[in-house]
Amino acid sequence: MLYSIYMNEPNIDPKLLKPYDPKETENRIYKIWEESGFFNPDICIEKGVTDKDAETFSMVLPPPNVTGTLHLGHAATLTIEDIMTRFARMQGKRTLWLPGTDHAAIATQSKVEKILEKEEGKRKTDLGREEFLKRVEKFAQESHDTIVTQSKKMGASLDWSREAYTLDDKRNFAVRTAFKKMYDDGLIYRGHRIVNWDPKGQTVISDDEIVYKEEKTKFYYLKYGPFIIGTARPETKFGDKYVVMHPNDKRYKEYKDGQTINLEWINGPITATIIKDESIDMEFGTGVMTITPWHSNVDFEIAERHHLDKEQIIDKYGKLLPIAGEFSGIKIKDAREKIIVKLESKGLVDKIEDYVHNIATAERSEAFIEPQIMNQWFINVNKPIKDRENKSLKELMLEAVQNKGINIIPDRFEKVYYNWIENLHDWCISRQIWYGHRIPVWYKEKEIYCDIEEPKETGWEQDSDTLDTWFSSGLWTFSTLGWPDLNSSDFKKYHPTNMLETGYDILFFWIARMILMSTYLLGVVPFKNVYLHGLVRDAQGRKMSKSLGNSLDPIDLAQKYGTDAVRMSLIIGTGPGNDTKMSEDKIRAYKNYANKLWNITRFILSNTENIKYIEKFENYVEREKILIEERDNIIKDITKEMEEYKFYLVGEKIYHYTWSRLADIIIEESKDILQNGSEEDKNSRAEFLLDTLTKILKVLHPFMPFVTEEIWSILHIDNKKLLMVEKWPE
RNA sequence: GCGCGAUUAGCUCAGUUGGUAGAGCAACCCGUUUACACCGGGAAGGUCGUAGGUUCGAGUCCUACAUCGCGCACCA
């Protein structure tokens, strides 16, 4: 009996007699991969699975923040990049996918601060810099270990021997080297300029770390001498002694630029100066405003243009300074009502309207940003650079994409990138936090010293600030490959990298900064291609978050359905740049698919037991020749689509071929052929089935690496290597 | 204000260069001793957001509009 052979036939692997069990399989397979050393391109060459002079494929993993555990977004990143990596490796390329983690300065520090507050009721200042940093490092180490374990669980074929950390010694050396060079070139400068101050986090943040939130508030019309001025923030108005209007505003043509007027204000009489400036919107409010240069970007610029005095009104903690007179020391949010009461009593309030506007908050601490003028470190993005044909950083960043040195997928993000660069201001890189790369600058009285190493003489004190975390991330494609040692063999071999794959949400934060650093420091692009994926959302399309309670843990899902199923469901139905919606139904479907493949294998092996698989079988009959042509055309399409990064199409194509075509049609008709056909027909069909199975395993391997490797290990094939280093089928 | 994306079956989404619409899940009917019930067979379900246009032919290209979402800028 044909169908009962396997029941008592010892030749079939007993594993096949049960349904596919990912739990039993995955860790074992990953260990075999790791022990083979094939994640490391050098070992692939040493063991002869990759040619010594093979084409290179290199890519860095976007280093996850050491702020906890991986979420589905990371799982998507790992899956897409692992598909790229495994495909390249099977194509015979010298393939490096380099792992690492990110110290994520502000994010990690504030996380530990929150834990400290919650568990011990302490602040970081209670511990002191050194002790607090020990706590952060311990937390970071634990997060790191979790992240590595989880990445392995996802099947990522990362070269762990090259693992890096954005804050380890090598990367710190790279950071100091880069800083010193930029300082010497005059690109890094210390400036007394208006910055985004986070009163809660007690640090400056960059423009990109601001999140705008809509706020309903009041809009006050106040009598300011002969004018009515509009403001949403009366609490900042104490020092306002300039009143600004558009030079073409006919309503105010009797007032001349520079003219002074005396008027009664919050705390008594003042003298105000008329300023005419074209930046004023005549349509907004009354077309007249007073300015607070210390606490408003726009006002700061007006004051700079007209060389006006600037006065601080609010301190670092959000309290009013003595200039506010009787309101001194009051928190600004409490002061507003009180000030309005006083203004009303003086008859200076004209009217009050409801108003909706966007308010700047800090991404991490969620506090309202208070612009302040402070001494901070900046990167000048407009200064011409001698070694780079007098181009500015802005121009270098623009050209890298415009000249097609970098290809962005999907290309609509090129526009977004250009738009961002056009609006780019000098990048504030200093942070008043403790966890991060310390600024390599030392002070002694009025002297200042910048170098890679600290000064030898005594008496120098290092700047207490640390660098924006994206400064070190910007160096990532080459700091991980041995830079600043230009003779490093990794650097020479793998830079520029071929691909940078990440979520579109960090286009500005990270991708732009890497382009900045690489084009400036090395004169080359950091990567030739950028592939941007979307965010992973829940079944309702909401962003996954702990507070909503809708976040799915990729590791839980992998435990439940198998990693291959999770990977497949993250890929199929998702084009580049578009958000993905995840649901357990979808994952369940691909769990069934893994098992289907398992059963297809069982059928084929149990029905071809006396047949030896011959890779280049020559006696196919006409019926199989037709099937082979169909199959090989599909494989050709698949290869082309893999090269075009259309993984969502490939995954679906393989799925359909194996299930609807191979299983439902071809295998069904094979039952008859294998039982009743002639010897020639039987052999032809058996060879076709074995050949097709091996090819499906190969093209499916980048997507579902575990189940394919496991089935591969069961097949009887001569000179078999691990599937992960087998050649991609032609 | 500028720009981008989405709108396709009940739900969630694919649809690569324009050629008579696809998947997963759900719902319906039939089938279970032999690869697989983590299954098979069958049927049902869509005027592809609206209105125009180009074309022999439009889900796909163009224009306008609507709704939802996102980014940037502004926010006195």
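Worth saying up front: this structure is predicted, and the values here are computed from it rather than measured. A note on names: the letters A, B, ... follow the listed sequences, proteins ahead of strands, and every chain is numbered from 1.
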Legend entry - A:Ile600 or A:Tyr590, whichever maps to the more 5' nucleotide of RNA chain B: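 Comparing both residues, the 5'-ward one is A:Tyr590.
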
Legend entry - RNA chain B: 5'-proximal contact among A:Arg588 and A:Ile667 (nearest heavy atom):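 The answer here is A:Arg588.
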
Inset, instruction - Tell me whether the OP1 or OP2 atom of B:C39 has a side-chain N or O from A:Trp659 closer than 4.0 Å. - result: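 So the side-chain polar atoms of A:Trp659 never come under 4.0 Å of the phosphate oxygens OP1 or OP2 of B:C39.
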
Do the side chains of [X] and [Y] get close enough for a salt bridge, i.e. N-O under 4.0 angstrom?
| X | Y | value |
| --- | --- | --- |
| A:Lys695 | A:Asp691 | yes |
| A:Glu24 | A:Lys15 | no |
| A:Asp198 | A:Arg364 | no |

Inset, instruction - Classify the nucleic acid contact of A:Asp664 as base, sugar-phosphate or nothing, counting any heavy atom under 4.0 Å across all strands shown. - result: sugar-phosphate

Inset, instruction - Just call it for A:Tyr355: base, sugar-phosphate, or nothing, with non-hydrogen atoms closer than 4.0 Å on any strand. - result: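 Counting heavy atoms under 4.0 Å across all strands, the contact made by A:Tyr355 is with sugar-phosphate only.
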
Whole-Å distance separating the [atom1] atom of [X] from the [atom2] atom of [N]:
| X | N | atom1 | atom2 | answer |
| --- | --- | --- | --- | --- |
| A:Arg602 | B:C38 | CZ | P | 13 Å |
| A:Ile587 | B:A23 | CD1 | P | 21 Å |
| A:Leu535 | B:U12 | CG | C1' | 17 Å |
| A:Glu422 | B:C72 | CD | P | 15 Å |
| A:Glu301 | B:A73 | CD | C1' | 13 Å |
| A:Tyr648 | B:A14 | OH | P | 10 Å |
| A:Asn358 | B:G71 | CG | C1' | 13 Å |
| A:Tyr593 | B:C39 | OH | P | 14 Å |

Inset, instruction - Indicate for each nucleotide in nucleotides 27-32 of chain B, in 5' to 3' sequence, whether protein heavy atoms under 4.0 Å reach the base (B), only the sugar-phosphate (S), or nothing (-). - result: ------

Inset, instruction - Let me have a per-nucleotide readout for nucleotides 2-9 of chain B, 5' to 3', with B, S or -, counting only protein heavy atoms under 4.0 Å. - result: -SSS----

On a whole-Å scale, what distance lies between the [atom1] atoms belonging to [N] and [M]?
| N | M | atom1 | value |
| --- | --- | --- | --- |
| B:U17 | B:A35 | C1' | 40 Å |
| B:A21 | B:U16 | P | 14 Å |
| B:U47 | B:G42 | P | 25 Å |

Legend entry - Heavy-atom neighbours of A:Asn633 CG exceed 12 at 6.0 Å: yes

Legend entry - A:Glu283 atom CD, over 12 foreign heavy atoms within 6.0 Å: no

Inset, instruction - Go through the N and O atoms of the side chain of A:Glu668 and the base of B:A35, and report whether any donor-acceptor pair is under 3.5 Å. - result: yes

Legend entry - Presence of donor-acceptor pair under 3.5 Å, side chain of A:Lys596 and base of B:C36: yes

Inset, instruction - Compute the ring centroids of A:Phe647 and A:Phe87, then answer whether they are less than 6.0 Å apart. - result: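 A:Phe647 vs A:Phe87: aromatic centres not under 6.0 Å.
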
Inset, instruction - Look up atom CG in A:Asp350 and atom OH in A:Tyr220, then write down how far apart they are to the nearest 0.5 Å. - result: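 Those atoms lie 14.0 Å apart.
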
Legend entry - Approximate separation, where rounding is to 0.5 Å, of A:Asp208 CG and A:Trp470 CH2: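 Answer rounded to 0.5 Å: 9.5 Å.
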
Legend entry - Shortest non-hydrogen contact from A:Val244 toward A:Asp277: CG1-CB, 3.7 Å

Inset, instruction - Sorted by first residue and then second, give each ring-ring contact (aromatic ring centres under 6.0 Å, His included) pair with at least one member in residues 567-598 of chain A; sequence neighbours left out. - result: A:Tyr20-A:Trp598, A:Tyr590-A:Tyr655, A:Tyr593-A:Tyr655

Legend entry - Pairs touching residues 229-238 of chain A that satisfy salt bridge (Lys or Arg N to Asp or Glu O under 4.0 Å), sequence neighbours left out: A:Arg233-A:Glu235, A:Arg233-A:Glu370, A:Glu235-A:Arg336, A:Lys237-A:Asp240

Inset, instruction - Stems involving RNA chain B: give each as a range paired with a range, ordered by first number, where a stem means at least three consecutive Watson-Crick or G-U wobble pairs under 3.5 Å. - result: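 Listed by first number, the stems are B:1-7 with B:66-72, B:10-13 with B:22-25, B:28-31 with B:39-42, B:49-53 with B:61-65.
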
Inset, instruction - Indicate whether the side chain of A:Tyr561 and that of A:Glu584 have a donor and an acceptor atom separated by less than 3.5 Å. - result: yes

Check nucleotides 44-46 of chain B against the protein and report each pair of N or O atoms closer than 3.5 Å, with its distance, or say if there are none.
none

